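Read through the structure below, which is laid out as structure tokens, and then see the notes.
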Amino acid sequence: MSPGTPAPAAPARVGYAALLRTPGAWTFLAPAFAARLPYAMLSLGIVLLVLDTHGSYGTAGAVAAVSAVAQAVIGPQTGRLADRYGQAAVLLPSVAVHALSVGALIALALGHAPAWALFAAAAPAGASVPQIGAMVRARWVARLSDSPATLNTAFAFESVTDEFTFVVGPVLATAIATTVTPSAALIAEAALTVAGGLAFAAQRGTAPARHPRTAGGRGPSALSSPGVRLLAASFLGVGSVFGAMQVSVTAFAESVGRGGANGTVYGIFAGGSMLAGVLYGLVAWRRPARQRMLGCYALLVLGCSTLWAMPNLTALAVAGLFCGLAIAPTLITGYTLVETLVADGAKTEAFTWLTGAIGLGLAAGSTVAGLLIDAGGPSTGFLVPVVGAGLGLIALVALRGLLVAPAEAVGGEPRSAVAAAFEPAAAGGAGGAGTRELVGAGRA
């Protein structure tokens, strides 16, 4: 830094109270919570129902996996449609298809239909899950693009909200399944999806602007960014933790005669993530987001490495808590990074690719964990989280250079507002690649 050049300004600290005073925020946040809660209920609800009717963890995990794979494959396409035609135009048919598909899955399971029939119903049930989390983040971007510090706090808030749903959702699904019937848990999931989705779609005033495809053009694509592809691949590992934990905790609790406690144990795991996310969002970070991503992911691998060795349910709950502490910081940093890597017309799609990658990882994790449990007992399912997360960390470390946002416009599209906003703060540094890293990564 040359003499007389002012030092880069410290990152602004923005609290959650200031964020929630954003005009119009509560009009979409309240219905969004109701609409995204079922996402945390669907997979576990499917596992509990199919386990009750077919008696196999492998079959239950596979049916939940089909649903998650369909969500992961189709979700980004609905995100692209939402960018192009508007969120309401996508949500209205989605919630209708979801309700019908979940109803068909329940009927087939209760009728002891073969596995292929359950797969046929689970696929549209997963494909039609409303991409509420991505849509809410896109609304925050639209409203806060001129305030990067507030936007990063918004991403932290959204990750905390996601984790809170994973605290409440499994407990709610388990409570309904054990006190009423397993099918009632999925009925509640479908009802919340319809009610919350329709209420969220009605809030058109806060929806981001549409970016219709121009004549003869395809429009911006999130997957054209290598950094987005890398983040999506790393989020597969995070998803494998979620999927394996759902199936493995259920199996472990059943094996010790405390099946009703599985939702509580999984809720403690998600609660640790929620707590870490709250604290993470309050810190004015000085390190680039790319460095934070590597550190958070390494802590996730470390936390997952002890799960398989836990001797009882209490020890498992404690280990799950420490494992969960790394989840939300990893997700927050990933969403912060991906926003800097894509143009405005592809942000919902980009967020949805990350969410979809979590779902795909969840599918793989639940399937492999279910097969391992059937073959070797409940503890073997906990090998999946450490392997899945470990592979994600290897990819991040090897290809971390892809997480730098382009310094100039690509294909005529403007740079991310967050990346551009942080450029003056980075300009006082060494320049060149280091400057581009700070511009691309930003500071929370």
Side-chain angles (χ1 to χ4, degrees), residues 36 38-47 60-76 79 122 126-127 129 131-134 137 158-159 162-163 165-166 169-170 223 228-250 266 269-270 272-274 277 293 296-297 299-301 303-304 307 320 323-324 326-335 337-338 350-372 381-396:
R36 71 207 301 180
Y39 184 85
M41 300 172 62
L42 181 61
S43 291
L44 184 57
I46 290 174
V47 168
V63 176
V66 168
S67 173
V69 168
Q71 187 273 332
V73 172
I74 302 300
V129 170
Q131 301 300 311
I132 299 296
R137 288 178 172 91
E158 289 307 313
S159 290
D162 285 339
E163 295 308 321
T165 63
F166 275 94
L223 282 187
V228 172
R229 297 196 293 269
L230 174 59
L231 286 173
S234 71
F235 271 40
L236 288 171
V238 180
S240 73
V241 177
F242 286 128
M245 286 291 286
Q246 287 183 352
V247 177
S248 301
V249 169
T250 300
Y266 189 83
F269 159 73
S273 178
M274 182 177 68
M293 185 69 180
C296 292
Y297 213 104
L299 290 176
L300 175 61
V301 175
C304 291
L307 295 171
C323 178
I327 291 284
T330 301
L331 298 181
I332 293 167
T333 311
Y335 282 113
L337 278 170
V338 80
F351 294 141
T352 310
W353 274 114
L354 297 193
T355 304
I358 294 174
L360 190 59
L362 188 153
S366 62
T367 300
V368 175
L371 294 173
L372 289 175
F382 292 113
L383 296 174
V384 175
V386 66
V387 173
L391 292 174
L393 179 60
I394 291 171
L396 281 175

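Nothing here was measured: the structure is a model prediction, and the numbers come from that model.
Judged purely by atom type and a 3.5 angstrom limit, S273 uses its side chain to pair as donor or acceptor with the backbone of A328. Checked by atom type and distance alone, the side chain of Y297 pairs as donor or acceptor with a backbone atom of S234 at under 3.5 Å.
Between F242 and I327, the shortest heavy-atom contact is CZ-CG2, 3.7 Å. Taking each heavy atom of A350 and V338 in turn, the nearest pair found is CB-CG2, 4.0 Å. Nearest approach of C323 to L307, heavy atoms of both residues: SG-CD1, 4.3 Å. The minimum heavy-atom distance between G334 and M293, with the atom names listed, is N-SD, 3.8 Å. The heavy-atom pair separating S248 from A369 by the smallest distance is OG-CB, 3.8 Å. When all heavy atoms of L354 and A232 are compared, the pair lying nearest together is CD2-N, 3.7 Å.
One distance of note links OG1 of T352 with CD1 of I358; it measures 11.0 Å at 0.5 Å rounding. From L231, atom CG reaches atom OG1 of T330 across 11.5 Å, with rounding to the nearest 0.5 Å. Between the CE atom in M245 and the OG1 atom in T250 there is a gap of 10.0 Å [rounded to 0.5 Å]. Distance check: L383 CG to C304 SG gives 11.5 Å after rounding to the nearest 0.5 Å. Atom-to-atom distance recorded for Y335:OH and R137:CZ is 4.5 Å, nearest 0.5 angstrom. Note that CG of L331 and CD of E158 are 12.5 Å apart. Values are rounded to the nearest 0.5 Å.
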For this session: Determine, stepwise, if the pair L300 / V238 fulfils side-chain contact (heavy atoms from CB on, under 4.5 Å).
Result: CA-CA 9 Å; L300 175 61; V238 180; 4.1 Å; yes

Exercise. Which is it for T355 and F235 under the side-chain contact (heavy atoms from CB on, under 4.5 Å) test, yes or no, and what are the steps along the way?
Worked result: CA-CA 8 Å; T355 304; F235 271 40; over 6 Å; no

For this session: Step by step, work out the side-chain contact (heavy atoms from CB on, under 4.5 Å) result for L42 and S67.
Result: CA-CA 9 Å; L42 181 61; S67 173; 3.5 Å; yes

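Between V384 and the choices L372, V241, L371, the side-chain contact (heavy atoms from CB on, under 4.5 Å) rule is met once, by L372.
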